[in-house]
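FYI, side chains are in, hydrogens and waters are out, and symmetry mates aren't considered; it's all heavy atoms of this structure. Throughout, a chain's letter reflects where its sequence line sits, starting with A, and its residues are numbered from 1.
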Protein chains: 2
Amino acid sequence: MPDHEREMEIVHLLRAATVELGLHSARFASRNGMHPTDVRALIALMDASRSGSDAEMTAGRLGALLGLNSAGTTAVVDRLERLGHVRRVRDERDRRRVLVEIDERAVELGWAFFGPLIGRAVELLEGYDERELAAIRGFLTGVRDAAAGANR
Amino acid sequence: MPDHEREMEIVHLLRAATVELGLHSARFASRNGMHPTDVRALIALMDASRSGSDAEMTAGRLGALLGLNSAGTTAVVDRLERLGHVRRVRDERDRRRVLVEIDERAVELGWAFFGPLIGRAVELLEGYDERELAAIRGFLTGVRDAAAGANR
DNA sequence: CCGAGTATCTCGCTGAACGAGATAATAGGC
DNA sequence: GCCTATTATCTCGTTCAGCGAGATACTCGG
């Protein structure tokens with residue numbers, strides 16, 4: 001069995017990076033009177049509207065993404081609505097559904113906090129050539145898929 | 001301002017990977033009757049004993065690493081002790097302190113669950129040459145430090 | 001050997017998330 | 001066009017992680 005010292009170092013780096021990113025999110029949460037779950041919800045909403053595929057997010061879909069049951073989902077949306085970060089809008093086509101819309105100021109709040117970190121990451125990436133970027137992309141894609149696929 | 005589409009794609013990949021890794025940990029937690037915090041505690045204990053620097057972990061140090069106050073720390077150690085994953089050992093040199101030792105079977109449990117994912121990551125990394133590995137290492141290091149340093 | 005300091009634990013409380021079930025709206029069979 | 005099954009969300013009551021305050025146990029310098 002070869003010794004994987006170099007590879008294991010990177011695996012631990014990845015874990016350390018995820019831990020720090022998690023703590024960074026937690027700082028954003030507590031600094032704005034939110035819970036980690038609320039931040040995850042905001043990020044999910046921003047993702048949905050950016051990737052545009054299905055720009056409108058229902059309460060149910062949001063809850064499923066966060067792994068919450070319906071009661072918990074209601075509570076998250078309540079908290080975010082109370083802080084003015086989202087609005088509940090009845091879907092006129094299917095009036096059973098409630099669309100959750102993110103407020104523009106919540107998006108700005110997020111950018112103000114996470115922007116510098118994202119900017120730093122982009123800056124780092126600009127220092128690499130095509131082949132190096134492909135390696136980073138390939139590794140992250142592989143890890144994401146391995147973690148996502150291992151749920152059986 | 002250049003358009004950073006390629007770089008932003010990687011930033012989002014990183015975030016997606018961290019989300020999936022977090023969900024993977026959560027699966028380990030709920031499958032073993034633990035809370036996410038308990039898993040973080042076990043990982044912190046394993047890290048400490050692996051990096052060896054200061055192999056013995058006190059209750060207080062563990063709580064600080066997890067960002068818990070003393071009451072919460074006591075509760076985490078209580079839960080892990082009840083499950084048999086850790087032992088409390090009074091430090092004979094300074095009898096105010098309680099050393100938290102991880103049980104060998106908890107380590108095995110962790111390896112059984114996270115081993116395949118780690119193995120897959122190592123496998124991915126084996127497909128890259130020195131320069132590509134350096135790029136991955138450099139990017140992860142930079143992101144970790146940027147996230148850790150941005151707490152002011 | 002006493003008082004200040006340090007490490008951990010106990011108690012009572014708040015609030016996130018859960019399970020069960022209520023409410024409201026839609027869709028399809030007849 | 002109505003009635004039933006289905007879907008989406010919300011309400012109620014409970015559990016339990018984590019917090020603040022303070023109690024307890026131990027150490028160490030003067």
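Residue A/E92 contributes atom CD, which lies 17 Å from atom P of C/dA24 at whole-angstrom precision. Remark: P of D/dC10 and CG of A/L99 are 11 Å apart, rounded to the nearest angstrom. Summarising the geometry, the separation between CG on B/L68 and P on C/dA7 is reported as 17 Å, rounded to the nearest angstrom. When the C1' atom of C/dT8 is taken as reference, atom CD of B/E81 falls 13 Å away, rounded to whole Å. Per the geometry, CZ belonging to B/R61 stands 11 Å off P belonging to C/dT8, to the nearest Å. Regarding A/L62, its CG atom lies at a distance of 11 Å from the P atom of D/dC10, rounded to whole Å. Rounded to an integer number of Å, the gap from B/L80 CG to C/dT8 P is 15 Å. The separation between A/R90 atom CZ and D/dT9 atom P is 8 Å, rounded to whole Å.
Comparing C/dA7, C/dT8, C/dA16 by their nearest atom to the side chain of B/T58 picks out C/dT8. Distances from the side chain of A/R97 to the nucleotides C/dC9, D/dA8, D/dC26 place D/dA8 closest. Relative to the side chain of B/H35, the nucleotides C/dC9, D/dC16, C/dG19 differ in distance, and D/dC16 lies closest. Picking from C/dA16, D/dC10, D/dT6 the nucleotide with the shortest atom distance to the side chain of A/R96 gives D/dT6.
Residue contacts for B/A59: at a heavy-atom cut-off of 4.0 Å it reaches the sugar-phosphate backbone alone, with no base atom in range. Counting non-hydrogen atoms under 4.0 angstrom, A/G67 reaches the backbone sugars and phosphates but no base. Within the 4.0 angstrom heavy-atom criterion, only backbone atoms of the sugar-phosphate kind lie near B/T37; the bases stay farther away. Residue-level contact check: B/R88 touches the backbone only, with heavy atoms under 4.0 Å from sugar-phosphate atoms and none from bases.
B/E132 approaches A/A135 most closely through the heavy-atom pair CB-CB, 3.7 Å. Looking at every heavy atom in both residues, A/R144 comes nearest to B/A16 through CD-CB, 3.7 Å. The two residues A/A44 and A/L62 come nearest to each other via the heavy atoms CB-CD1, 4.0 Å.
In this structure, a donor-acceptor pair under 3.5 Å is absent between the side chains of A/R15 and A/H12.
Comparing B/A71 and B/D94 against DNA chain C, the residue whose closest nucleotide sits nearer the 5' end is B/D94.
At the phosphate of D/dG18, neither OP1 nor OP2 sits under 4.0 Å from any side-chain N or O atom of B/N69. In this model, the phosphate group of D/dA17 is approached by a side-chain N or O of B/R79 to a distance below 4.0 Å at OP1 or OP2.
Using a cutoff of 4.0 Å between basic side-chain nitrogens and carboxylate oxygens, A/R120 and A/E123 are scored as salt-bridged.
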